[in-house]
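So that the names make sense, note that chain A is the first sequence line, chain B the second, and so on, each numbered from 1. These values consider heavy atoms only, across backbone and side chains, with no hydrogens, waters or symmetry-generated copies.
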There are 2 protein chains.
Amino acid sequence: MPASTDRPGFRPAPPVRPTMKDVAAAAGVGLKTVSRVVNGEPGVSEDTARRVRSVIDALGFRRNDGARLLRQGARTGSVGLLLEDVADPFYSQLSRAVEEVVRAHGSLLLTGSSAEDSARERELALGFCARRVDGLVVVPTSADHAYLAPELTAGTAMVSVDRPMPGLDVDTVLADNRTGAATGASHLLRQGHRRIGYLGDAPDIYTAAERLAGYREAMAAAGCPVEEPWVAMGRPDPLELRFALARMLTGPEPVTALLCGNNRTTVAVLRELAGRVERPALVGFDDFELADLLAVPVTVVAQDPALMGRTAAELLFRRLRGETAAAQQVVVRTRLVPRGSGELTPPATR
Amino acid sequence: MPASTDRPGFRPAPPVRPTMKDVAAAAGVGLKTVSRVVNGEPGVSEDTARRVRSVIDALGFRRNDGARLLRQGARTGSVGLLLEDVADPFYSQLSRAVEEVVRAHGSLLLTGSSAEDSARERELALGFCARRVDGLVVVPTSADHAYLAPELTAGTAMVSVDRPMPGLDVDTVLADNRTGAATGASHLLRQGHRRIGYLGDAPDIYTAAERLAGYREAMAAAGCPVEEPWVAMGRPDPLELRFALARMLTGPEPVTALLCGNNRTTVAVLRELAGRVERPALVGFDDFELADLLAVPVTVVAQDPALMGRTAAELLFRRLRGETAAAQQVVVRTRLVPRGSGELTPPATR
DNA sequence: CCTCCGTGCGACAACGTTGTCGTCGTGGGT
DNA sequence: ACCCACGACGACAACGTTGTCGCACGGAGG
């Protein structure tokens with residue numbers, strides 16, 4: 001835990017908030033009467049209510065929901081969202097969809113980015129639970145999540161999105177990664193490509209592994225042996241990527257097409273290709289803005305992050321409404337969007 | 001408030017969480033001893049501590065931070081972030097930066113999108129305050145925010161980003177919108193353009209108004225009268241945009257260059273231009289991914305959303321640390337990034 | 001006149017935790 | 001043998017709120 005110990009040189013007497021007691025005293029009424037007014041309960045004369053309300057405005061009183069929740073033992077009306085990085089367009093779209101649903105249910109949203117670091121994810125998740133969120137929507141790292149089991153049995157709803165949650169049996173929303181990647185690869189094969197490279201994220205990430213598998217399956221089904229230099233997996237590092245691409249695109253038998261395992265990789269590859277002479281065909285997994293406006297519009301296997309987020313959030317609230325069925329898995333279909341880059345044919349046939 | 005009244009047909013006895021009392025009973029110790037163990041306070045023998053810890057693990061006990069905070073009257077270690085739309089890249093980058101700083105201070109982040117709707121913003125802000133967030137980072141709508149004054153005096157720190165907060169004197173982080181837009185316009189003027197169109201967001205949005213003013217200033221300084229059909233302000237609506245562009249680009253005296261007031265407008269314009277024959281020069285306000293990889297790379301006036309977010313969050317924590325100086329305004333500079341589209345010369349001179 | 005009831009309101013406990021303070025037992029010093 | 005200090009622990013109040021209950025008052029009905 002990153003030292004919340006702000007060694008406070010000198011904290012200037014944090015101004016205190018008025019409580020119901022203060023309001024009651026100022027209005028010359030009992031505490032409970034204020035409570036009644038604040039909550040719109042009956043049993044208060046309009047005269048008294050008016051007086052109390054004016055004092056409330058004058059003092060700027062706001063009910064302390066923490067205390068309220070403690071007393072009522074009710075739900076907190078808040079949901080935690082844990083993902084890899086809010087700034088990634090895939091997650092930011094997912095995030096918006098989740099937020100929309102959460103808001104529609106009158107709840108508030110806590111957001112945290114794990115940066116793919118399981119310790120950080122854990123810290124955030126437990127922090128959310130300590131705040132007693134009603135539920136958790138998680139894009140889990142590959143680490144074991146059994147530490148969340150007590151929360152689950154304690155009634156905290158949980159849904160996993162984009163990846164399964166290892167070690168915990170919860171509702172899960174996934175894209176059809178394997179099929180999608182296979183579709184992308186097949187599409188390239190159909191254009192006559194035989195030597196197709198694959199660039200993806202680190203293979204400990206579920207989606208990366210699934211998509212790689214999809215690629216391999218499609219290649220195998222087409223009778224195309226995959227040579228190892230054609231596959232590059234890892235966190236998108238510009239330098240590594242440059243080497244990998246050089247490896248794939250040069251030599252006696254260069255690849256004529258590329259399948260990119262995700263958003264960031266696709267963009268990084270495009271940027272790298274801009275500085276090279278080769279113009280391999282390219283299909284990207286996951287759509288991105290402006291893909292259609294590039295010099296060669298980019299063919300993608302599009303996911304639907306908004307639908308995934310919405311579905312996940314709705315599953316969560318279904319649980320919160322009391323649904324007790326066994327954990328289910330929802331697979332959201334991907335869709336091939338041909339735009340040009342994936343329809344380039346291999347040089348020999350050009 | 002959107003009916004948090006889930007008419008619960010039948011709520012299946014929400015499983016209860018173990019409390020310290022339960023742990024104490026199960027471990028055969030006093031309540032306070034459990035508290036001591038949980039908080040790592042001294043005065044517990046290692047034997048007892050071990051026993052308590054094992055019971056804690058067995059029951060899956062987690063301290064209830066709500067109760068803790070209530071008791072301690074301390075800060076909640078949470079910060080609210082209110083912006084227009086998490087899915088907008090500008091805000092999602094800002095958001096990440098804020099989150100980073102918040103995390104570094106050991107706090108949690110509540111996020112809410114106002115969708116530019118002041119009622120929704122208010123609802124979210126008050127919801128955050130009811131949860132007793134320590135501070136609020138807000139991208140405010142243009143509505144009056146005086147309703148937050150009680151929170152401010154009650155000690156909730158507040159910082160306004162991207163726009164000033166009307167009706168409330170708080171630290172504010174802004175981009176130099178006016179200068180930036182003027183720079184963009186001047187850049188086009190320098191290429192020989194005299195008829196330059198401006199497309200921006202609704203003028204009740206501070207940044208939109210400022211940037212429009214910057215454009216007008218630059219035009220005036222160059223002695224170029226702005227004709228009204230050249231200016232189109234409003235929420236980005238594809239159809240409106242099409243009409244506006246048609247108006248600007250056709251007729252006897254069409255504009256030869258465009259200045260776009262923001263991210264979304266720039267992209268929408270690019271998309272629209274892709275279907276037209278005219279190729280006006282173009283400068284966009286706010287950078288966006290892939291701007292450099294388009295057929296004609298797009299010249300932009302780049303903002304630094306991450307710096308803005310970081311600055312805002314740091315100002316917030318400075319206040320929380322007790323800083324009491326008068327509210328300050330930080331202006332983050334923009335930077336012209338020439339990439340091609342803004343260096344196109346007018347047809348006459350081409 | 002008294003009774004009965006409804007209305008308006010306040011006292012009090014409780015939610016789960018922590019700060020304060022008191023108690024108990026042990027061990028060392030005299 | 002006695003005292004005191006000290007370590008280990010628990011009882012209790014309090015944080016701000018709400019649910020329960022009871023009380024006082026006034027008017028209607030006998």
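Put simply, CD on B:Glu46 is 15 Å from C1' on D:dG7, counting in whole angstrom units. Counting to the nearest Å, the P atom of C:dT17 and the CZ atom of A:Arg68 are 20 Å from each other. The distance between atom CG of A:Asp47 and atom C1' of C:dG8, rounded to the nearest whole Å, is 12 Å. In this entry the distance linking CZ of A:Arg17 with P of D:dT17 reads 10 Å, nearest Å. Per the geometry, NZ belonging to A:Lys21 stands 13 Å off P belonging to C:dC12, to the nearest Å. One can place CG of A:Leu69 at 15 Å from C1' of D:dG19, the figure rounded to the nearest angstrom. For the pair A:Glu41 CD and D:dT20 P, the computed distance is 10 Å after rounding to whole Å. Nucleotide D:dA14 holds its P atom 18 Å from the CG atom of A:Asn64, rounded to whole Å.
Not a single donor-acceptor pair, N or O on each side, falls under 3.5 Å between the base of C:dG19 and the side chain of B:Arg36. Scanning atom types as modelled, one donor and one acceptor separated by under 3.5 angstrom connect the side chain of A:Arg71 and the base of D:dT18. A donor and an acceptor atom sit less than 3.5 Å apart, one in the side chain of B:Lys32 and one in the base of C:dG19.
The side chain of A:Thr33 places no N or O atom within less than 4.0 Å of a non-bridging phosphate oxygen (OP1 or OP2) of C:dG8. When the side-chain nitrogen and oxygen atoms of A:Asn39 are compared with OP1 and OP2 of D:dT18, one or more of them lie within a distance under 4.0 Å. Contact annotation: A:Ser35 side-chain N/O to D:dT17 OP1/OP2 distance is not under 4.0 Å. Between B:Arg62 and C:dG16 there is no side-chain N or O to OP1 or OP2 distance below 4.0 Å. Considering only side-chain N and O atoms, B:Ser45 lies under 4.0 angstrom from the phosphate OP1 or OP2 of D:dC9.
In this structure, B:Met165 and B:Val170 approach most closely via the heavy-atom pair CE-CG2, 3.6 Å.
Judged by distance alone, the side chains of B:Asn39 and B:Arg63 do bring a donor and an acceptor atom under 3.5 Å apart.
At the heavy-atom level, A:Val38 lies nowhere under 4.0 Å from the strands shown.
For the pair B:Arg132 and B:Arg51, both in contact range of DNA chain D, the more 5′-proximal nearest nucleotide belongs to B:Arg51. Where B:Ala67 and B:Gln72 meet DNA chain C, the nucleotide closest to each residue was compared, and B:Ala67 sits on the side nearer the 5' end.
The nucleotide whose nearest atom lies closest to any side-chain atom of A:Leu31 is, among D:dT17, C:dC15, C:dT17, D:dT17.
Residues B:Arg53 and B:Glu46 are paired through a salt bridge, judged by an N-O separation under 4.0 Å between the basic side chain and the carboxylate.
Taking the centre and axis of the six-membered ring of B:Tyr147, the NZ or CZ atom of B:Arg122 falls inside the cone set by 45° and 6.0 Å.
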Check your understanding: Checking salt bridge (charged side-chain N to carboxylate O under 4.0 Å, His left out) for the pair B:Arg132/A:Asp65: CA distance, chi angles, key distance, verdict?
Key -> CA-CA 8 Å; B:Arg132 293 294 187 267; A:Asp65 268 9; over 6 Å; no
